[in-house]
Asker: 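Encoded as structure tokens, here's the structure I'll be asking about.
On a predicted model such as this, the values are computed, not experimentally measured, just so you know.
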Amino acid sequence: MSSAPLTATPAPLLPAKPKSPPPQQHPVLSHLPHCTSLRTLAQLHAAAVKAGLAAHPALVTRLLTLCTGPDAGPAHLAYARQVFDRVPHPADAVWYNTLLRGYARSSNPSSSEAAAAVRVFVRMLEEGVAPDTYTFVSLLKACAAARAGEEGRQAHALAVKLGAADHDYVRPTLINMYAECGDARAARVMFGGTDGGCVVSYNAMIAAAVRSSRPGEALVLFREMQGKGLKPTSVTVISVLSACALLGALELGRWVHDYVRKIGLGSLVKVSTALIDMYAKCGSLEDAIDVFQGMESKDRQAWSVMIVAYANHGYGREAISLFEEMKKEGMKPDDITFLGVLYACSHSGLVSEGLQYFDDMKDHGIVPGIKHYGCVTDLLARSGQLERAYKFIDELPINPTPILWRTLLSACGGHGDFELGKRVFERILKLDDSHGGDYVIFSNLCANTGYWEEMNMVRKLMSEKGVVKVPGCSSIEIDNTVHEFFAGDGRHPKSQEARKMVDEVIDQLKLVGYVPNTSHVFHVEMGEEEKAISLKYHSEKLAIAFGLLNTAPGATLRVVKNLRVCPDCHSMAKLVSMVFNRRIILRDLNRFHHFEEGICSCGDYW
């Protein structure tokens, strides 16, 4: 009798249970990539916990990745931290790096988040997990984003101790961290320690200079980089274009655009987006539109930047039309997109449309930030609904900032509402009593409404606290050189020529009805003639006069001012555009003004 083959198996006594799929193939994990909200992600995580997968590497990695991605918000990051903290002994460096990258990407960075990032790093060391260069890069970026210099210095010390500080990617991140935290000396020391400098280090220094509003220094570094034969990357070009935008240097920006084409970076979406932003901020909306329309593909940022460009130039209807077109293209708007469309509505007097778009943010799952609240405040206040704007700020779900109250104070000045302006001014002083512009706005309001005693009290308060008004500064680019003029002083080597030209221009303008608008000169002891003289040499007048002297007849004048243009300079620019047949594009603190044939694009609504 032959024996049964060795491979035979006895019949099962009970029906076999279906095998559980391996953890990496579990149905729960297959659904993770399809989660689009924190709520569905949390539900799926709960199912994973019940399935015994709470600490499975594939699950934890996916959860951390989804919760720390580019589009993740603060709630996602907090959830990622909870997931991470519940793992008994996390031993995967990727998990630590992913969480640290989340802190570096945070849309609302703070010192507490930087401290949390440092604690994650400390735990990494305690668990015996070896940090790598990615660890330090993300940790330092988190400190930089939060402007957390102390935590950044601690991270630097650890990088030195562990021999990572001189790595090709860590050193540039250190440079950026110190620059972002306001320690320019330390950033320079780190940069000087590089062997002749590398592209990444130059990128960090150029970007830091731009973010610190030092565009001239950024351009010097760019030229230095080229002189060393280092090939710029897209990161370099984007920062240089931002520097041109800050300066309002259109011709220099056009040169960079040509350079971008030569080195083959012109087709990159982010570079094209930076070009749109540069052209718009330099006053050439036409060039910005050309770049936008010429893009083969557009991401959400490109659409948003173009919407903001229309808004800044006062084309509210066009901004709204583009916003609607963006949605039809299937592109989901984000907080920046909505900020652009709200800004467009506020600067074009589109009150009902603006309020509707503000409500629509909830339908898109976007929580308004302080800038969105500022746009709504501006929207209501500009239209004269001052009490409604006051109530809106007072009932916000967050603590109002001085900027919100300052927006309303400016509108009170424009509408001549002393009583509400006084209440708003008092609210501002409780939050921040060091901003010179607040005192000036309220002083002007007191003067314009005849409250001389209150005006003198404000001026005395300014003197006691040592608060000074930021001096007006206007720049104009001529032959690839940016010329700066300050109100009333003679710093520019040709300031006397500019002042003489201002005198000649005003004499001609008086022939067509120009009368100095002295309503915003609040020196009560001055007579009308003295007030007119104090207005005469405002920085934008000097820049416009210098432009008339040094450009061909009919050439467009592009002026950038650091403060809001005053009513008298606004009137003067309108008349210059008519009398001298010039197009003048003036960018002030709030928006662009296009003066042509005696009319401004803002419709005197600014």
Side-chain angles (χ1 to χ4, degrees), residues 23-24 29 32 35 38 41-42 44-46 48-49 52-167 169-174 176-178 180-181:
Q24 64 270 24
L29 299 182
L32 275 171
C35 291
L38 184 58
L41 182 63
L44 207 58
H45 184 209
V49 172
L53 299 170
H56 188 274
L59 174 72
V60 175
T61 300
R62 176 63 70 180
L63 282 168
L64 291 177
T65 301
L66 288 175
C67 287
T68 57
D71 297 324
H76 290 80
L77 185 57
Y79 192 81
R81 184 62 188 269
Q82 289 177 26
V83 170
F84 180 79
D85 285 344
R86 290 177 183 176
V87 177
H89 296 287
D92 191 338
V94 173
W95 294 353
Y96 292 93
N97 291 349
T98 301
L99 191 55
L100 288 171
R101 187 166 61 247
Y103 283 116
R105 285 174 171 168
S106 175
S107 60
N108 187 30
S110 63
S111 57
S112 61
E113 286 197 351
V118 171
R119 286 196 295 273
V120 170
F121 180 75
V122 170
R123 184 179 179 188
M124 185 179 193
L125 299 179
E126 290 173 346
E127 295 288 348
V129 180
D132 55 24
T133 54
Y134 294 105
T135 312
F136 281 106
V137 167
S138 294
L139 175 60
L140 290 165
K141 283 183 177 179
C143 294
R147 309 291 194 273
E150 183 56 38
E151 288 82 359
R153 279 185 282 274
Q154 292 174 14
H156 184 187
L158 286 167
V160 171
K161 185 176 180 180
L162 296 173
D166 288 326
H167 189 275
Y169 289 104
V170 175
R171 180 174 283 274
T173 313
L174 279 165
N176 180 67
M177 182 276 294
Y178 280 119
E180 285 292 304
C181 295

Asker: Do the non-hydrogen side-chain atoms of L162 and P131 ever get within less than 4.5 Å of each other?
Answerer: yes
Asker: What are the two closest heavy atoms between A144 and N176, and how far apart are they?
Answerer: CB-ND2, 3.9 Å
Asker: Can you tell me how far the CD atom of E180 sits from the SG atom of C143, to the nearest 0.5 Å?
Answerer: 12.0 Å
Asker: Would you mind reporting whether D85 and R123 have side-chain heavy atoms less than 4.5 Å apart?
Answerer: yes
Asker: With sequence neighbours excluded, what pairs up with E127 under the side chain to side chain donor-acceptor pair (under 3.5 Å) test?
Answerer: H89
Asker: Which distance, rounded to the nearest 0.5 Å, do you find between the CD of Q82 and the CG of L63?
Answerer: 11.5 Å
Asker: Can you tell me how far the CD atom of E126 sits from the CZ atom of R119, to the nearest 0.5 Å?
Answerer: 12.0 Å
Asker: Considering residues at least two apart in sequence or located in another chain, which fulfil the side chain to side chain donor-acceptor pair (under 3.5 Å) criterion with Y178?
Answerer: H156
Asker: If we only count heavy atoms from C-beta on, is the F121 to Q154 side-chain gap below 4.5 Å?
Answerer: no
Asker: Working note: Y169 + F136, criterion ring pair (Phe, Tyr, Trp, His ring centres under 6.0 Å); need CA distance, chi angles, decisive distance, verdict.
Answerer: CA-CA 9 Å; Y169 289 104; F136 281 106; over 10 Å; no
Asker: So, taking the atom named OG1 in T68 and the one named CZ in R81, what distance separates them when rounded to the nearest 0.5 Å?
Answerer: 13.0 Å
Asker: Name every donor-acceptor pair, under 3.5 Å, that has one atom in a side chain of residues 92-99 and the other anywhere in the protein, sequence neighbours excluded.
Answerer:
| residue | atom | partner | partner atom | Å |
| --- | --- | --- | --- | --- |
| D92 | OD1 | V94 | N | 2.9 |
| W95 | NE1 | T61 | OG1 | 2.8 |
| Y96 | OH | P90 | O | 2.8 |
| N97 | OD1 | T135 | OG1 | 2.6 |
| N97 | ND2 | D132 | OD1 | 3.1 |
| N97 | ND2 | D132 | OD2 | 3.4 |
| T98 | OG1 | V94 | O | 2.7 |

Asker: Can you tell me how far CG of L66 sits from NE2 of H76, rounded to the nearest 0.5 angstrom?
Answerer: 8.5 Å
Asker: To check you understand the geometry: which heavy-atom pair defines the closest contact between G152 and L140, and what is its length?
Answerer: O-CD2, 4.0 Å
Asker: Just so I know, are the side chains of V170 and L174 near enough to count as touching, which here means a heavy-atom distance under 4.5 Å?
Answerer: yes
Asker: Any idea which heavy atoms bring V160 and A165 closest together, and the distance?
Answerer: CG2-CB, 3.7 Å
Asker: Looking only at non-hydrogen atoms, find the nearest pair between S138 and A104 and report the distance.
Answerer: O-CB, 3.6 Å
Asker: What distance separates L77 CG from R105 CZ, expressed to the nearest 0.5 Å?
Answerer: 11.0 Å
